[in-house]
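Here is the structure we will look at.
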Amino acid sequence: MAEDLDELLDEVESKFCSPDPLRVAMVQQPKGCGGSHSSDRTRTEAKENLRLTDTFQKPDDLDSLINEIFEEPNFDKKPFKLKSKSPGNTSVRASIQGLSKSCSPVYLGGSTAPCGLGTNTSQRTCDHLRCIACDFSVVSYDDYMWDKSCDYLFFRNNMPEFRKLQSKLIKKNGARAYACQCSWRTVEDLTDLQTDAQLRWVCGKH
């Protein structure tokens with residue numbers, strides 16, 4: 001009587017309710033065949049079928065899997081930088097170098113002599129002198145002359161501060177006092193620097 005009731009309930013569930021893969025797998029097996037081992041195997045297969053059914057019933061997962069398969073990898077998209085080689089910098093540098101000129105010959109002179117780029121036709125006193133012995137720029141003071149007591153240590157310790165140097169400067173109109181850290185001169189007339197072999201002064205370019 002109980003077995004007949006179970007069969008009737010199974011028949012009602014199979015017709016009016018959603019099929020349970022586990023129960024369907026068990027109903028399809030003939031009763032009394034295979035023993036307990038067959039029943040366990042049937043339950044295992046039914047559970048596996050149920051798991052596979054649940055996996056493929058998720059449309060989102062299936063769509064994402066398809067998209068990953070057909071998605072094109074972006075291996076060719078590599079960032080690159082353009083290196084522009086502009087000849088403008090070279091031309092500007094060349095033009096700047098072309099503007100730098102040296103005095104030839106180099107002149108010294110008194111306060112009345114004009115300063116600037118000296119040439120054979122334009123006798124100007126150089127105001128960009130530099131000493132290659134002490135590597136100091138040469139300073140000059142118009143209408144001054146150096147005192148005769150000046151020595152090497154005085155310029156060594158006081159160059160190039162005018163406040164300290166003026167203690168040895170004497171006023172004299174028309175004269176010009178030149179000095180670096182190792183040499184000094186008082187000049188009144190236009191003089192070619194090459195005539196004084198002891199001075200290591202050169203034009204620092206204009």
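Nothing fancy with the numbering, it's 1 onward along the sequence. These numbers were taken from a predicted model, which means no experiment stands behind them.
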### Query
Hey, mind stepping through F154 and S167 against side chain to side chain contact (heavy atoms under 4.5 Å, CB included) and telling me if it holds?
CA-CA 10 Å; F154 171 76; S167 63; 3.7 Å; yes

### Query
Once you round to the nearest 0.5 Å, how far does CE of M145 lie from CG of N173?
12.0 Å

#### Entry: Closest heavy-atom pair and its distance - L165, P160
CD1-C, 4.2 Å

### Any residue meeting ring pair (Phe, Tyr, Trp, His ring centres under 6.0 Å) with Y141, in chain and number order, not counting sequence neighbours
F162

### Query
Given C182 and C131, is the side chain to side chain contact (heavy atoms under 4.5 Å, CB included) satisfied, shown in steps?
CA-CA 9 Å; C182 63; C131 180; 3.7 Å; yes

### Query
Can you name the side chain to side chain donor-acceptor pair (under 3.5 Å) partners of T191, sequence neighbours left out?
none

### Task
Name all residues meeting the side chain to side chain donor-acceptor pair (under 3.5 Å) criterion together with D147; count only those two or more places apart in sequence or in a different chain, and write none if there are none.
S149

### Message
My understanding is that a hydrophobic cluster links ILVMFWY residues whose side chain heavy atoms are under 4.5 Å apart, including indirect links. Using that, what else belongs to the cluster containing V138?
### Response
V106, L108, L129, Y178, V187, L193, L199, W201

### Task
Could you tell me which residues satisfy side chain to side chain donor-acceptor pair (under 3.5 Å) with N157, sequence neighbours excluded, listed by chain and number?
none

## Note on the structure
Exactly one of T112, D143, T125, T186 clears side chain to side chain contact (heavy atoms under 4.5 Å, CB included) with R176, and that residue is T125

### Message
Looking at Q181 and M159, would you say the former's side chain and the latter's main chain have a donor-acceptor pair under 3.5 Å?
### Response
no

### Summary
Only residue of K168, Q166, E161 satisfying side chain to side chain contact (heavy atoms under 4.5 Å, CB included) with K164 is E161

### Query
So which heavy atom on C103 is nearest to which on C203, and how close?
N-SG, 3.3 Å

### Message
I need the full list of ring-ring contact (aromatic ring centres under 6.0 Å, His included) pairs touching residues 101-140, with sequence neighbours left out, sorted by first then second residue.
### Response
H128-H206

### Presence of salt bridge, D196 and R185, under 4.0 angstrom
yes

### Query
For C115 and D127, which heavy atoms make the closest approach, and how far apart are they?
CB-OD2, 3.8 Å

#### Entry: Pair W146-L169, side chain to side chain contact (heavy atoms under 4.5 Å, CB included): steps then yes or no
CA-CA 5 Å; W146 293 113; L169 285 169; 3.3 Å; yes

### Face-on cation placement of K172 at Y144 ring, 6.0 Å and 45° thresholds
no

### Query
Would you say T195's side chain and D192's backbone share a donor-acceptor pair under 3.5 angstrom?
yes

### Task
Run the salt-bridge test on R130 and D135 with the 4.0 Å N-O cut-off and return the result as yes or no.
yes

### Task
Please report the C-alpha distance between F155 and C180 in whole Å, then the side-chain angles of each, then the deciding distance to 0.1 Å, and finally whether the side chain to side chain contact (heavy atoms under 4.5 Å, CB included) criterion is met.
CA-CA 7 Å; F155 292 100; C180 63; over 6 Å; no

